[in-house]
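Atom set for the values below is all heavy atoms of this structure, side chains included, hydrogens, waters and symmetry mates excluded. Indexing begins at 1, ligand by ligand and atom by atom, following the structure's order. Only a predicted model underlies this, so the values are computations on that prediction, with no experimental measurement involved.
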Amino acid sequence: MKAADVLDRVPRESDFTSRLRSPAVAARVGLWLGIAFGICFLTGLISHYAQNGDQPVPFPTAPYWGYRVTQGLHVISGTAAIPLLLVKLWSVYPQLFKSMPWGDVRAMTISGLERLSIAVLVAGSTFLLVTGLLNTSRWYPWAFSFRPVHYAVAWITIGALVVHIAVKLPVIRDALTSDVDDTTHDSPTATEPGVVSRRGLLRSTWLATGIAVLATAGSTVPLLRKVSVLSVRTGDGPQGVPFNRTAAAAQVTAEERGPGWTLDVVDGDGVVSSWSRDELAAMTQRTETLPIACVEGWSASAEWTGVRLRDLLDAASVPRGADVRMVSMQKRYAFGVTELQGNFADADKTLIALKLNGEELSLDHGFPARLIAPNRPGVLQTKWLTTVEVI
Ligand SMILES: Nc1nc2c(c(=O)[nH]1)N[C@H]1C(S)=C(S)[C@@H](COP(=O)(O)O)O[C@H]1N2
Ligand SMILES: [Mo]
């Protein structure tokens with residue numbers, strides 16, 4: 001085949017004739033996609049901040065369910081964006097084949113910049129939704145660290161989205177205020193009726209989006225558990241709570257968590273006080289209803305019983321407001337350590353939990369003792385505690 005034949009096979013914008021591909025459709029789907037991206041971006045910023053070691057303004061400890069809601073919204077809006085993005089791309093992709101306004105330098109520059117911003121937007125959105133979706137299914141087929149990369153790409157993508165909306169604003173405004181079947185902004189060749197009407201296409205899009213949300217949101221919305229057939233996590237598990245890493249995977253040995261186990265409070269100079277499990281159980285026990293809200297999208301509420309962290313710190317004469325580091329017996333992988341700023345260490349609801357839903361904490365949920373604190377990402381609710389370090 002000669003080069004010219006190959007070029008002949010590349011479609012031209014004029015080869016696309018369906019009236020379904022119209023700015024009237026793209027603007028309507030785009031509006032909802034923009035809303036989904038906006039929610040996803042803001043809730044993503046919150047989640048990122050909550051996990052930052054360095055917080056100039058401490059993340060709040062109330063409402064205790066706050067992170068559960070924002071992270072739930074993050075995953076739900078991201079899931080909703082997937083069908084919306086697919087329809088949006090389908091409705092606009094013929095523009096890929098639009099020819100450049102060769103010769104006119106100004107028009108070429110504008111067109112080039114617009115194409116560049118769209119390339120960034122499409123690549124960024126696809127990257128975010130694919131990595132996010134794989135993250136909710138706990139599959140990490142990449143070498144980079146998820147959180148910083150997902151975060152950086154989110155900023156780039158939102159930047160490109162703002163440019164895109166600004167450039168298209170006149171068309172968007174016009175399309176949204178006219179009837180869906182209006183053809184003012186259509187490409188001149190898009191004149192053939194589609195297989196469905198524009199209204200039909202939009203209705204199917206909303207339906208697909210609704211199904212995608214209902215089929216997955218049950219991992220974080222208890223009422224939807226039974227409906228959410230595609231949820232990777234059901235939001236249920238041993239003692240009423242799912243778990244991610246097991247004690248075996250974390251290599252917490254029977255020896256370490258046996259009768260000789262103690263929880264030590266340590267400051268710069270060494271061990272300040274040391275508590276066996278019986279001693280902890282003999283202290284005033286508190287019960288709090290708090291969720292585990294995993295960054296990967298599932299969450300579950302449970303009743304936790306144990307010693308208020310502040311009570312333990314008082315007993316060890318640690319001043320209020322001190323930051324502490326909670327260290328686990330875990331040997332491998334991340335998340336074996338977490339830092340609590342003073343407001344978290346002092347919060348009434350922050351517990352060293354010994355019991356879960358009225359039963360002895362199971363091994364996989366963090367026996368002998370784990371941290372549970374209000375308004376906190378699951379990944380910072382450290383299991384298999386061994387030391388509380390005063391920073
Ligand atoms: N030591 C330790 N604690 C940990 C983890 C871990 O890997 N190691 N995983 C965290 C994550 S990601 C979550 S979501 C919660 C889950 O708690 P659960 O397993 O009791 O449901 O534990 C957290 N605590
Ligand atoms: Mo998690």
Below 4.0 angstrom from a heavy atom of [X], which ligand 1 atoms are there? Numbered from 1 as shown, please.
X: Phe243; value: 18 (P), 19 (O), 21 (O)
X: Phe335; value: 1 (N), 2 (C), 3 (N), 6 (C), 7 (O), 8 (N)
X: Trp298; value: 14 (S), 21 (O)
X: Thr382; value: 1 (N), 3 (N), 24 (N)
X: Cys294; value: 14 (S)
X: Trp384; value: 1 (N), 2 (C), 8 (N)
X: Arg245; value: 6 (C), 7 (O)
X: Pro242; value: 18 (P), 19 (O), 21 (O)

The one among Met326, Gln381, Arg370 that brings a heavy atom closest to atom 17 (O) of ligand 1 =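 The residue whose heavy atom sits nearest atom 17 (O) of ligand 1 is Arg370.
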
If hydrogens are left out, which of Thr386, Val379, Val327, Val252 has an atom nearest to atom 12 (S) of ligand 1, that is, the closest non-hydrogen atom?
-> Val379

Give me the residue, atom name and distance of the protein heavy atom closest to [atom].
atom: atom 8 (N) of ligand 1; answer: Gln330 OE1, 2.4 Å
atom: atom 16 (C) of ligand 1; answer: Ile292 CG2, 3.9 Å
atom: atom 3 (N) of ligand 1; answer: Lys383 N, 3.0 Å
atom: atom 23 (C) of ligand 1; answer: Gly378 O, 3.1 Å

Does the pair Asp5/Arg9 count as a salt bridge with the N-to-O cut at 4.0 Å?
-> no

If you look at every heavy atom in Pro56 and Pro58, which pair is closest and at what distance?
->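 That would be O-CD, 3.8 Å.
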
For the residue pair Val265 and Val318, what are the closest heavy atoms and their distance?
->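 Closest heavy-atom pair between Val265 and Val318: CG1-CG2, 4.2 Å.
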
Between [Y] and [X], do the side chains contain a donor N or O and an acceptor N or O under 3.5 Å apart?
X: Thr17; Y: Thr189; answer: no
X: Asp278; Y: Ser276; answer: no
X: Asp264; Y: Thr387; answer: no

Check if Ala250 has a non-hydrogen atom at a distance under 4.0 Å from any atom of ligand 1.
-> no

Fit a plane to each ring of [X] and [Y], take the angle between them on a 0 to 90° scale, and name the class: parallel (under 30°), tilted (30 to 60°) or perpendicular (over 60°).
X: Trp155; Y: Phe41; value: perpendicular
X: Trp142; Y: Phe144; value: parallel
X: Trp32; Y: Trp206; value: perpendicular

Got an N/O contact under 3.5 Å between Gly336 and ligand 1?
->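 Checking ligand 1 against Gly336, no N or O pair falls under 3.5 Å apart.
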
Quiz item: cation-pi between Arg245 and Phe335, 6.0 Å / 45° = no

